[in-house]
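To find a chain, count down the sequence lines: A is the first, B the second, and so on, and within it residues start at 1. Atom set for the values below is all heavy atoms of this structure, side chains included, hydrogens, waters and symmetry mates excluded.
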Amino acid sequence: MSDVKKFMFVNRKAPHGTIYALESLEVVLITAAFDQDVSLAFVDDGVFQLKKGQQTKGIETKNFSTTYRALEGYDIEKLYVEKESMEARGLTEDDLLVDVTVLSSKEMGALMDEQDVVLSF
Amino acid sequence: MLHIINKSPLSNSSFNDCLRVMDKGEILLIEDAVIAATKGCALEAKTREALGRFKIHVLMPDLEARGMADRVIDGVSTVDYGGFVDLVAANKNCQSWL
Amino acid sequence: MPNIEVNGKSYETDEEGYLINLADWNMDVAQYIAQTENLNMTDNHWEVINFLREYYDEYQIAPAVRVLTKAIGKKFGPEKGSSQYLYELFPYGPGKQACKIAGLPKPTGCI
């Protein structure tokens, strides 16, 4: 199908401190209805969005981290994490609550380059 | 691909993050990011180095607003709002490094 | 803020009749909302309602209709995993109407 475009959502902000992560997730869920080629990139502090064990009771906000686990049911299975960002934050793949593909900076850059539309959050 | 950066490179990592992840393309510096295009800024060496890999542009009205229009690093091109639009139109895709 | 009255207790809802507080939900409230929607709750209705609540509990969102249909089919058998089946149970939409009865917010992206 020629009308399928490659959409990438680039997430570079930690969750909870700002609204970016949640807004991105909502747009991703809506985009899923349009049968496009959707991928999610987690770069810089955006990697924290996928950290296991988030507990938001104390800050009285919605714990949307479990929603990333629902993405598979929405046929969104291309999740990429930049290795350098993950390691700089003392995290490993085992710390993440979903299966991801870990890419080097350069691989991530190349993947961004080939998208039709990049949406940054 | 066009990369738009709007935060000061001295207080926000977006400029550095873009340079780390991408290895080619065009960069447009706007708003507080314009200081990355100026001589004497602590980031000058980094910007000069990046000129080897990227075409770098800076938005003139934002430089002027900050009184920095007289010290643009050689090799960085200045654009007006029309030039901003042309850059977006000429590139296949673009990303704002928020 | 509008309220509904069930068994002498008052529950806050939004303008469209969705419960404001998820924790307010109970089967009597569900039964009441279903009545206002002219729905007669059967075991098949409850199956979907309970599934929606479990889904929300696990993922913190109400699933899109397409996702719900697929998941219902997987759990309760392919004959139930069709939008026709779900629309027969909930004529105003398995997303909109069932979520209201389940005490959940409208699904993200639901219009």
Side-chain angles (χ1 to χ4, degrees), chain A residues 2 4-15 17-25 27-28 31 36-49 80-89 101-121, chain B residues 1-36 42-43 45-59 62 79 84-98:
Chain A
S2 59
V4 171
K5 286 194 172 179
K6 291 170 83 105
F7 281 79
M8 176 179 266
F9 291 84
V10 181
N11 301 286
R12 296 181 53 248
K13 300 271 190 280
T18 60
I19 197 73
Y20 288 102
L22 178 57
E23 289 286 315
S24 170
L25 189 53
V27 179
V28 166
T31 309
Q36 301 294 311
D37 178 350
V38 174
S39 47
L40 273 59
F42 297 88
V43 181
D44 300 313
D45 283 346
V47 178
F48 285 126
Q49 295 175 22
Y80 302 99
V81 168
E82 190 215 6
K83 188 165 183 275
E84 284 80 348
S85 298
M86 183 171 76
E87 287 175 351
R89 285 155 185 82
T101 304
V102 177
L103 300 178
S104 69
S105 298
K106 293 303 155 205
E107 289 170 322
M108 184 65 91
L111 194 63
M112 277 180 198
D113 247 343
E114 66 181 51
Q115 301 296 314
D116 293 307
V117 180
V118 177
L119 294 146
S120 313
F121 290 89
Chain B
M1 185 171 194
L2 176 66
H3 301 277
I4 301 170
I5 297 165
N6 76 335
K7 301 288 193 306
S8 163
L10 298 175
S11 55
N12 179 289
S13 63
S14 290
F15 182 60
N16 275 315
D17 297 334
C18 172
L19 296 182
R20 184 188 74 244
V21 175
M22 307 308 299
D23 60 12
K24 61 179 171 24
E26 298 192 69
I27 295 175
L28 172 61
L29 302 164
I30 65 170
E31 300 169 21
D32 288 344
V34 297
I35 60 166
L43 268 287
K46 188 127 198 168
T47 303
R48 286 189 186 279
E49 193 187 288
L51 278 166
R53 299 190 279 140
F54 296 90
K55 267 199 227 171
I56 303 183
H57 313 273
V58 60
L59 191 65
D62 279 327
V79 296
F84 187 158
V85 175
D86 290 341
L87 280 171
V88 173
N91 278 273
K92 176 176 174 272
N93 52 9
C94 76
Q95 173 171 205
S96 292
W97 291 72
L98 299 174

Checklist entry - At a heavy-atom separation under 4.5 Å, does A/Phe121 approach chain B through its side chain, its backbone, both, or neither? => result backbone
Checklist entry - Do you know which two heavy atoms are closest between B/Met22 and A/Lys106, and how far apart they sit? => result O-NZ, 3.3 Å
Next on the checklist: Which atoms of A/Gln115 are under 4.5 Å from chain B, going by heavy atoms: the side chain, the backbone, both sets, or neither?
Outcome noted: both
Item to check | Most contacts with chain A, counted as non-hydrogen pairs under 4.5 angstrom, among B/Ser13, B/Cys18, B/Ser14 | outcome: B/Ser14
Item to check | Part of B/Cys94 lying under 4.5 Å from any heavy atom of chain A | outcome: backbone
Next on the checklist: Could you check whether any side-chain N or O of A/Ser120 sits under 3.5 Å from a backbone N or O of B/Ser96, counting only pairs where one atom can act as donor and the other as acceptor?
Outcome noted: yes
Checklist entry - Hey, does A/Val43 have a side-chain heavy atom less than 4.5 Å from the side chain of B/Val21? => result yes
Item to check | For A/Glu84 against B/Arg20, the heavy-atom pair lying closest together | outcome: CB-NE, 4.3 Å
Next on the checklist: Within a 6.0 Å radius of atom NZ on B/Lys55, are there more than 12 heavy atoms belonging to other residues, nucleotides or ligands?
Outcome noted: no
Checklist entry - Do the non-hydrogen side-chain atoms of B/Asn93 and A/Met112 ever get within less than 4.5 Å of each other? => result no
Next on the checklist: When you compare the side chain of A/Val118 with that of B/His3, does any pair of heavy atoms fall below 4.5 Å?
Outcome noted: no
Item to check | chain A contact via B/Leu19 - side chain, backbone, both or neither, heavy atoms under 4.5 Å | outcome: backbone
Item to check | Atom of A/Arg12, atom of B/Leu98 and distance for their closest heavy-atom approach | outcome: NH1-O, 3.0 Å
